Enquirer: 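Could you have a look at this structure, given as structure tokens, before my questions?
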Number of protein chains: 2
Amino acid sequence: MKNKFTTPDGYTSDIAVFTITSESNGEYKPPIKKLKIMLIKRSELDHEGNPNSEAGKWALPGGFVRPNETAFQAAERKLLEETGVDGLRIKHFGVYDSPNRDKRGWIISNAHYVIANEAALKKRQTTYDASDIQLFTINKALELDLAFDHRTIIDDALWFIKKDMALTTLAKHFLPKEFVLSELQGVLLTVLDDPSISSDAAFFRKAPTLPFIEAVTENGKPKKSNAYSKTPAQLYRFTDFQPIVSVYKNKLKG
Amino acid sequence: MKNKFTTPDGYTSDIAVFTITSESNGEYKPPIKKLKIMLIKRSELDHEGNPNSEAGKWALPGGFVRPNETAFQAAERKLLEETGVDGLRIKHFGVYDSPNRDKRGWIISNAHYVIANEAALKKRQTTYDASDIQLFTINKALELDLAFDHRTIIDDALWFIKKDMALTTLAKHFLPKEFVLSELQGVLLTVLDDPSISSDAAFFRKAPTLPFIEAVTENGKPKKSNAYSKTPAQLYRFTDFQPIVSVYKNKLKG
DNA sequence: ATTAACGATTAACAAATTGTTAATTAAAGG
DNA sequence: CCTTTAATTAACAATTTGTTAATCGTTAAT
């Protein structure tokens with residue numbers, strides 16, 4: 001189609017892939033959890049052999065959207081192509097379209113974020129060259145010389161994750177099906193900074209009453225785990241309950 | 001610039017302008033408030049005299065983004081050009097880029113929404129032909145034959161407004177500087193459906209303790225208004241306090 | 001001048017939810 | 001058996017809800 005409007009020079013889709021890694025902190029202790037983001041090093045040459053824009057810099061996975069797909073579908077495709085990761089919950093969170101954001105021209109980027117359970121990323125490790133695709137802690141990532149305006153995009157993505165973590169049951173996607181309260185606490189603390197979560201006394205008293213998690217039972221008995229403690233700890237799972245929060249009321253239900 | 005990627009045929013910016021109208025409900029009664037959306041009737045011919053796409057249908061204000069501006073800036077510009085409305089808080093909430101959403105080709109639209117105090121729209125009424133630009137209640141708007149995928153966009157915008165109304169002090173933008181509790185309640189009820197708001201007993205007991213509003217005083221005395229009742233009612237205003245909500249705790253402070 | 005009506009508050013109080021501090025518990029490792 | 005460590009409970013005062021029943025300050029009608 002021809003039209004008389006100036007049209008963009010490109011339409012891309014970028015994805016911020018977040019995960020929380022668990023690092024053993026000694027036996028019988030809850031592991032240390034850290035929020036990490038997956039970045040890809042831009043190759044020197046593009047797939048046609050020409051020098052690549054922003055070559056050598058670290059960047060978010062992503063690429064050009066094809067005319068027969070949506071940016072969302074492109075995000076799914078790119079994620080699989082570039083990182084070998086599949087089947088995760090992708091969320092759109094913003095558009096980056098400053099006229100000068102890309103030296104190649106007027107290129108609009110749709111930004112998405114993805115929450116990956118650490119296990120889901122394990123597959124990738126073996127399929128791809130680990131030097132070109134790496135997990136960075138947020139602090140490390142923000143110290144890097146990032147391609148385009150990806151630093152801004154990551155900043156924004158972080159803000160969205162924090163919001164989602166506080167307002168929804170997003171934590172579920174960072175946890176195994178059945179988990180122990182200290183694991184939930186650990187996940188929340190990688191992103192949220194709140195005394196009611198960091199104080200054990202407050203958290204352990206309140207958490208069991210949260211309407212969106214329930215204690216797991218087995219043959220009518222509470223199911224417990226010794227994975228991170230000597231004392232068997234109760235296992236919990238998320239229910240389907242979707243909490244509704246509001247500044248005008250306190251209760252999550254009704 | 002030339003490049004080897006297929007590029008979009010157009011990049012547009014659409015704006016859902018919401019306002020809450022107050023309709024008198026008799027003397028000494030709180031007025032009836034309704035959430036409305038501003039729509040524009042698409043003209044038969046475009047500005048070059050050619051038949052316009054989706055002519056005659058009602059649509060969101062908006063239009064093509066210029067290469068030297070962002071979609072956000074285009075939204076500001078279009079809003080002023082098409083509706084005479086200026087200086088409002090515009091928020092981006094989504095991208096619409098299904099390959100088939102526009103018969104003219106691959107056209108990507110950025111969707112924004114705006115909250116307009118009813119007074120801000122008054123200006124428009126006098127400057128523009130009222131038959132081509134109108135406020136509709138949400139129900140009426142969704143019954144219309146809307147252009148493109150604007151019905152979907154409006155549905156989504158509504159959802160965002162509800163969320164923002166519940167999670168932030170968005171209500172402030174629908175109210176005068178100083179307002180009475182029943183006005184706040186009226187605004188909330190146009191969008192939210194919650195017994196703790198609709199029940200007078202619950203709302204009037206709780207509202208005065210909300211951390212983000214404060215009673216207005218004048219010469220040390222409480223300032224009251226008789227605008228909607230025989231009994232003088234306390235005036236309130238929003239403070240700068242930004243409530244933080246979380247599914248993991250109840251208090252808005254701290 | 002009295003009084004009924006009607007929103008807008010206030011009062012009062014039982015019920016439920018917090019925040020805190022101090023026990024308890026179970027298993028590992030001497 | 002004793003100590004240590006996390007997980008979990010107990011106990012209780014302090015605070016916050018949900019509800020129902022008064023009050024209060026006008027207006028409009030006897």
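Protein chains get the first letters and strands the later ones, always in sequence-line order, with residue 1 at the start of each. As the structure is a prediction and not an experimental result, all values here were calculated from the model.
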Enquirer: Would you please test His112(B) and Asp14(B) for side chain to side chain donor-acceptor pair (under 3.5 Å) and show each step?
Expert: CA-CA 6 Å; His112(B) 303 79; Asp14(B) 291 312; over 6 Å; no
Enquirer: Centroid separation under 6.0 Å, is that true for the rings of Phe179(B) and Tyr228(B)?
Expert: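 No: the rings miss the under 6.0 Å criterion.
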Enquirer: To the nearest Å, give me how far apart NZ (Lys224(B)) and C1' (dG7(C)) are.
Expert: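 Value for this atom pair: 13 Å.
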Enquirer: Should the pair Lys163(A) and Phe160(A) be classed as cation-pi, given the thresholds of under 6.0 Å to the six-membered ring centre and 45° from the axis?
Expert: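 Judged by the rule, Lys163(A) and Phe160(A) form a cation-pi pair.
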Enquirer: Do Glu81(B) and Lys78(B) sit within salt-bridge range, that is, some charged N less than 4.0 Å from a carboxylate O?
Expert: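 Yes, this pair counts.
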Enquirer: If you assign Ser196(A) and Asp200(B) each to the DNA chain C nucleotide with the nearest heavy atom, which residue ends up on the more 5' nucleotide?
Expert: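 Its nearest nucleotide being more 5', the pick is Asp200(B).
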Enquirer: Using a cut-off of under 3.5 Å, enumerate the N/O to N/O pairs linking the protein to nucleotides 25-28 of chain C.
Expert:
{"residue": "dA26(C)", "atom": "N3", "partner": "Thr231(A)", "partner atom": "OG1", "Å": "3.1"}
{"residue": "dA27(C)", "atom": "O4'", "partner": "Lys230(A)", "partner atom": "O", "Å": "3.4"}

Enquirer: With the side chain of Ser229(A) defined as its heavy atoms from C-beta on, choose the nearest nucleotide among dA6(D), dG7(C), dT8(D).
Expert: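 Among the listed nucleotides, the one closest to the side chain of Ser229(A) is dA6(D).
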Enquirer: What about Arg205(A): does its side chain form a donor-acceptor pair under 3.5 Å with the base of dT20(C)?
Expert: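 Donor-acceptor pair under 3.5 Å: yes.
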Enquirer: Considering just the side-chain nitrogens and oxygens of Lys206(A), establish if one lies under 4.0 Å of OP1 or OP2 belonging to dT17(C).
Expert: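 For dT17(C), OP1/OP2 do not have a side-chain N/O of Lys206(A) under 4.0 Å.
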Enquirer: Give a yes or no on whether the ring-centroid distance for Phe93(B) and Trp159(B) is below 6.0 angstrom.
Expert: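 No - the distance between ring centres of Phe93(B) and Trp159(B) does not fall below the 6.0 Å cut-off.
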Enquirer: How long is the line joining CG of Leu210(A) and P of dT18(C), in whole Å?
Expert: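 To the nearest whole Å, that distance equals 9 Å.
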Enquirer: How long is the line joining CD1 of Ile32(A) and C1' of dA6(D), in whole Å?
Expert: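 These atoms are roughly 16 Å apart.
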Enquirer: Could you tell me how far apart Gln185(B) (CD) and dT9(C) (C1') are, to the nearest whole angstrom?
Expert: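 It is 13 Å, rounded to the nearest whole Å.
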Enquirer: For Val180(B), which of Leu175(B), Asn226(B), Leu235(B) qualifies under side-chain contact (heavy atoms from CB on, under 4.5 Å)?
Expert: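 The passing option is Leu235(B).
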Enquirer: What nucleotide among dT20(C), dT20(D), dA8(C) has an atom nearest to a side-chain atom of Ala201(A)?
Expert: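 Nearest nucleotide to the side chain: dT20(C).
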Enquirer: Distance check needed: dT18(C) P versus Phe204(A) CZ, whole Å only.
Expert: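 Going from CZ in Phe204(A) over to P in dT18(C) covers 18 Å.
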Enquirer: Taking only N and O in the side chain of Lys29(B), is any of them less than 4.0 Å away from OP1 or OP2 of dG7(C)?
Expert: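 Looking at the OP1 and OP2 atoms of dG7(C), one of them is under 4.0 Å from a side-chain N or O of Lys29(B).
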Enquirer: Please evaluate residues Thr137(B) and Asn139(B) with respect to the criterion side chain to side chain donor-acceptor pair (under 3.5 Å), reporting the C-alpha separation (whole Å), side-chain torsions for both, the decisive distance (0.1 Å), and the verdict.
Expert: CA-CA 5 Å; Thr137(B) 62; Asn139(B) 284 341; 5.7 Å; no
Enquirer: Rounded to whole Å, how long is the line connecting atom CD1 of Ile197(B) with atom P of dG18(D)?
Expert: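 These atoms are roughly 12 Å apart.
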Enquirer: Using a heavy-atom cut-off of 4.0 Å across all strands, would you classify Ser182(B) as base, sugar-phosphate, or nothing?
Expert: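 Result for Ser182(B) = sugar-phosphate.
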